[in-house]
Amino acid sequence: MKFDSVIVRFGGEIGIKGEWTRRAYEKLLAKNIKKTLKHHSVLYEKLIHKRGRIYIKTKNVEETACKLTCIFGVSSVSPAIETTSDLNEIVQKTVELADAILENGSSFAVRCHRVGKHPYSSMDVCKEIGKQILAQLKNRKLRVDLKNPQFTVNVEVRDEYAYVFAETLQGVGGFPLGSQPKAICLLSGGIDSAVACWLAMKRGCPIIPVYFDITPFTDEATNAKALDVARKLFEWSIGFPRKVYIVPHGRNLETFVRGSPRKLTCILCKRVMYRVAERIAETEKAEGIITGEAIGEQASQTLHNLRVLNEAATKYPVLRPLLGFNKLETEELAKKIGTFEISTRKTEGCIAAPKKPATKARLEIVKKAEQELDIEGMIEESVREAKIVTV
Ligand code: ATP
Ligand code: MG
């Protein structure tokens with residue numbers, strides 16, 4: 001059976017928006033879909049955008065369906081056969097599909113979803129198709145079971161067209177990328193921050209990853225890993241900029257290791273990261289800073305310490321999509337996103353981390369440690385020396 005079309009369904013959350021927002025989101029999603037297909041050189045003959053759906057006619061059904069499941073805002077897709085809304089034609093195509101997919105002796109149900117003006121109801125369509133399948137495929141010993149069928153044949157009638165299909169592939173859901181403003185993401189190359197970035201993207205924020213290079217406290221492989229993770233993440237944002245900031249941070253870290261209480265190293269390091277990220281957010285007109293922190297996941301991420309970290313960011317919210325995640329949940333998601341394998345490559349990590357980091361840092365003490373240093377100068381220099389690369 002040769003499929004010639006793909007039905008694309010929009011995320012349920014888009015459908016419940018007010019009319020104006022829904023239209024804007026659907027338009028944006030249609031644009032993202034076209035950009036993705038173009039990027040992958042997937043050709044199509046026709047793309048029809050209706051409320052809540054896009055119907056794409058193409059010779060590359062499998063590839064199109066597969067690519068579309070990874071576009072934010074798409075809730076599901078189905079490879080389908082296009083017909084006109086003429087009932088005889090719908091019946092003929094559905095019987096052909098049933099003939100191809102139903103096993104001898106199996107049970108089946110017909111389901112119909114109909115939008116538009118037609119001389120028949122959805123129930124008429126189901127009844128007629130069921131009758132014809134039983135009659136035309138008599139020797140196959142099929143039976144109808146509406147409650148618990150082994151197979152379901154589906155018809156979607158939409159105005160002058162109809163689509164016949166059997167399979168529905170789950171899409172990634174969320175909101176179309178670009179429906180929210182840009183977010184700056186602190187991307188380390190580790191498992192967590194990559195997943196946090198992806199979750200922000202899933203809700204519509206295009207991301208600008210910022211990586212802090214702590215050479216000589218790490219190795220070249222760690223730096224390469226961060227860029228590889230960024231590259232993988234950008235596969236989910238076809239058509240959007242693939243810009244990454246690389247901020248030199250080794251000298252800053254050295255200053256903390258040498259001149260501040262050792263147990264505060266990670267807190268001081270992270271507070272400068274936040275402040276530099278705020279400066280980049282300003283330049284990039286982003287609206288928030290995303291990190292991969294989760295409560296209690298590391299010594300620097302106890303709720304006490306997160307409060308001390310937060311105080312460093314004064315203009316932008318620090319958003320932590322993984323706040324309540326278990327590590328295993330984060331890892332599962334990283335596998336689905338495709339970053340897990342890259343993030344778990346054996347690399348040096350950070351060799352400046354103290355043996356006994358503070359788990360209950362006190363803001364006054366951290367501020368006092370900062371007063372002894374030229375934090376403003378550090379931020380200025382880091383921002384000035386930051387490199388922007390396109391990956
Ligand atoms: P991850 O798994 O994301 O590497 P982690 O669990 O190892 O994080 P930390 O090292 O405390 O924990 O980092 C917490 C968060 O701070 C990271 O999720 C990331 O958002 C940010 N971060 C840490 N190191 C860097 C870095 N070198 N460059 C950019 N962001 C960083
Ligand atoms: Mg972590």
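Everything numeric in this text was worked out from a predicted model, so none of it was measured. Whatever order the structure lists ligands and atoms in, that order sets their numbers, starting from 1.
Near Glu293, meaning under 4.0 Å from one of its heavy atoms, ligand 1 places the atoms 14 (C), 15 (C), 18 (O). Atoms of ligand 1 lying under 4.0 Å from at least one heavy atom of Thr291, given by number and element, are 20 (O). Against a heavy-atom cut-off of under 4.0 Å, Ser300 is close to the following atoms of ligand 1: 11 (O). Set against the non-hydrogen atoms of Ile191, the atoms of ligand 1 under 4.0 Å away are 2 (O). Ligand 1 places these atoms under 4.0 Å from at least one heavy atom of Val210: 29 (C).
The aromatic rings of Tyr163 and Tyr161 lie tilted to each other, with the angle between the two planes from 30° to 60°.
Contacts between Lys270 and ligand 1 below 4.0 angstrom, taking non-hydrogen atoms only, involve the side chain exclusively. Heavy atoms from both the backbone and the side chain of Ser193 come within less than 4.0 Å of ligand 1. Contacts between Asp213 and ligand 1 below 4.0 angstrom, taking non-hydrogen atoms only, are absent altogether. Both the backbone and the side chain of Leu186 come within 4.0 Å of ligand 1, counting heavy atoms alone.
No side-chain N or O of Asn310 forms a donor-acceptor pair with one of Arg271 less than 3.5 Å apart.
Between the choices Arg320, Gln301, Lys225, the shortest heavy-atom distance to atom 14 (C) of ligand 1 belongs to Gln301. The option from Cys197, Gly292, Cys266, Ala196 that lies nearest to atom 17 (C) of ligand 1, judged by heavy atoms, is Gly292.
Residue Phe212 has at least one nitrogen or oxygen atom sitting less than 3.5 Å from a nitrogen or oxygen atom of ligand 1, judged on distance alone. Polar contact check, Lys327 against ligand 1: no nitrogen or oxygen pair lies under 3.5 Å apart.
With a 6.0 Å cutoff to the six-membered ring centre and a 45° limit on the axis angle, Arg9 counts as a cation-pi contact of Phe165. Judged by a 6.0 Å distance limit and a 45° cone about the ring axis, Lys35 is positioned over the six-membered ring of Phe240. Seen from the ring of Phe72, Lys202 does not count as a face-on cation partner, given the 6.0 Å and 45° thresholds.
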*Step by step, work out the side-chain contact (heavy atoms from CB on, under 4.5 Å) result for Arg111 and Val155.*
CA-CA 6 Å; Arg111 312 257 189 242; Val155 179; over 6 Å; no
*Could you please spell out the steps behind the ring-ring contact (aromatic ring centres under 6.0 Å, His included) verdict for His249 and Tyr211?*
CA-CA 9 Å; His249 193 47; Tyr211 172 66; 10.0 Å; no
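In this structure Tyr25 satisfies the ring-ring contact (aromatic ring centres under 6.0 Å, His included) test together with Phe175, sequence neighbours excluded.
Ion pair Lys225/Glu220 not flagged as a salt bridge, since none of the NZ, NE, NH1 or NH2 atoms sits closer than 4.0 Å to an Asp/Glu carboxylate oxygen.
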